[in-house]
Amino acid sequence: MKWSMLFLLTALSIWTSYVYSGVVGSSILLLDPVLILLAWFCLQDEWPRIFAVSAMILLYRFSLTIATPLEVVVPPLALIFTIRMLSGGISPFHFWRRFLIVVPALCLSHLISNFILFRVFDLSIERILLDAALAFIVSATMFSVLDVIRPLLKTAKYPD
Amino acid sequence: MKRRQTAYWAIGCWLLLTLVAFGLEQLFSSPKRQEFNRSIVDQAIQQELIAESEVQAVLTRQQLMDMWLPLSANFTLVPALMTPVRDRSPLRSTGRIDRGEESGLTTGLGIVSSSGVVGRIVAVGQGWSRIQLADDPGFVIPCVDEQGHRGIIGGASYSGEGRIKFRLSHLELSLNEILTTDGSSGVFPANVYLGIVAENRTPVKESRILFPQNLGTEKEVVIFVPIEPGVGR
């Protein structure tokens with residue numbers, strides 16, 4: 001049940017990413033539902049499940065693509081590493097404080113993706129603020145849905 | 001039990017929101033995309049007259065070959081049918097053609113349509129080749145403006161658009177200026193239409209360049225295969 005739900009959630013996020021990439025254009029690198037789902041798992045879940053979700057995402061993104069392994073692997077890895085690192089200082093169980101972990105991680109992952117794809121490292125204040133605001137809005141929306149789904153993932157310890 | 005039901009409801013709502021995105025895509029789509037969608041409907045109608053379109057395809061292919069023949073002094077022309085393919089990486093722009101190794105195709109060869117540059121081959125197999133369209137972020141090619149100034153153009157993060165990546169000389173773009181290939185890469189001959197400047201900005205790297213229209217639609221294309229072995233690989 002837990003693993004099938006994990007697979008369902010990953011598949012759903014991949015599909016959402018596929019569909020919304022046509023709507024949001026290049027912002028999909030920042031607002032990718034797949035990365036937000038991975039961030040949600042990274043916050044408090046167990047490593048086997050993080051690996052399982054990462055493996056499913058990478059397997060999907062590696063197949064039938066012209067993308068380089070670097071641009072597929074590095075952004076999720078940066079996201080996982082940043083979240084796990086920041087979780088040491090900020091509580092990932094707090095409803096609002098967890099966004100202080102997720103938003104910087106998503107922004108960093110976006111910066112890295114942009115650099116790999118376009119060789120652009122845009123560190124202007126307005127760009128960072130806009131990215132942070134967008135990342136917060138979308139992750140807050142998705143997290144609220146994922147939090148409701150959490151009873152179906154029994155081992156996860158998410159905030160009540 | 002109630003929490004579980006709520007969870008299933010949440011999954012259902014998520015599914016619904018994803019389905020809504022199909023409708024949203026139409027709302028947010030640019031006039032160019034709407035034109036592209038309209039062209040798909042037109043194509044569907046046209047497919048009812050299969051016999052006629054087959055004759056037309058042969059004719060188009062021949063016209064296309066005749067069109068590019070004057071520029072193909074160092075190239076052999078291989079005709080093919082290009083079909084756009086949505087890549088699994090969200091920002092990549094790719095397509096597929098119905099010719100492969102059996103026609104002497106290799107990776108790196110340039111592809112054009114009647115409108116101009118389409119892209120480049122990135123993978124080859126028996127009877128198929130995967131192509132990187134010109135608006136893919138990884139696509140880069142030397143270009144020249146109307147004054148003869150050179151630069152390197154690449155795909156942007158927006159569909160059908162490109163950006164200047166590097167200036168090789170004093171490239172200063174003006175509105176509606178036409179950019180063409182300079183032939184130095186060995187992939188395309190010189191003077192192949194690349195795109196038009198839709199918005200000129202400073203710095204020049206911020207200028208918007210529109211690639212040939214309907215880049216991602218099914219069409220007849222021609223592949224430039226260099227006569228001298230090793231060129232363009």
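Naming: A, B, ... by sequence-line order, numbering from 1 per chain.
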When Asn114(A), Leu29(A), Val34(A), Val72(A) are compared by non-hydrogen pairs under 4.5 Å with chain B, the top option
Leu29(A)
CG-OG distance between Asp32(A) and Ser89(B), expressed to the nearest 0.5 angstrom:
9.0 Å
Less than 4.5 Å apart, any side-chain heavy atom of Tyr18(A) and any of Arg88(B)?
no
For chain B, which residues of residues 133-146 of chain A have at least one non-hydrogen atom nearer than 4.5 Å to it?
Met142(A), Val145(A), Leu146(A)
Within a 6.0 Å radius of atom CZ on Arg97(A), are there more than 12 heavy atoms belonging to other residues, nucleotides or ligands?
no
To the nearest 0.5 Å, what is the distance between CG on Leu17(B) and OH on Tyr20(A)?
5.0 Å
Given heavy-atom pairs under 4.5 angstrom as the criterion, report whether the side chain, backbone, both or neither of Ile14(A) touches chain B.
neither
Kindly check if the number of other-residue, nucleotide or ligand heavy atoms within 6.0 Å of CD1 (Ile125(A)) is above 12?
no
Test of understanding: with side chain to side chain contact (heavy atoms under 4.5 Å, CB included), list the residues that count as partners of Gln126(B), not counting sequence neighbours.
Glu101(B), Glu102(B)
For a quick test of reading the model, state the closest non-hydrogen atom pair linking Leu117(A) to Lys165(B) and the distance between them.
O-NZ, 4.4 Å
Which residue pairs pass the ring-ring contact (aromatic ring centres under 6.0 Å, His included) test with at least one member in residues 91-144 of chain B, sequence neighbours excluded?
none
Going by residue number, which parts of residues 51-70 of chain A are within reach of chain B, meaning a heavy-atom gap below 4.5 Å?
Tyr60(A), Arg61(A), Ser63(A), Leu64(A), Thr65(A), Ile66(A), Ala67(A), Thr68(A)
Which region of Ile28(A), side chain (C-beta onward) or backbone (N, CA, C, O), has a non-hydrogen atom less than 4.5 Å from a non-hydrogen atom of chain B, or is it both or neither?
side chain
Side chain Arg163(B), main chain Phe118(A), donor-acceptor under 3.5 Å
no
CD1-CG distance between Ile11(B) and Leu12(A), expressed to the nearest 0.5 angstrom
7.5 Å
Does CZ in Arg96(B) sit with more than 12 non-hydrogen atoms of other residues, nucleotides or ligands closer than 6.0 Å?
no
Is the number of heavy atoms from other residues, nucleotides or ligands within 6.0 Å of CH2 (Trp47(A)) greater than 12?
yes
Nearest 0.5 Å, please: how far is OH in Tyr8(B) from CE in Met5(A)?
4.5 Å
Against chain A, label Thr94(B) side chain, backbone, both or neither, depending on which of its atoms sit under 4.5 Å from a heavy atom there.
side chain
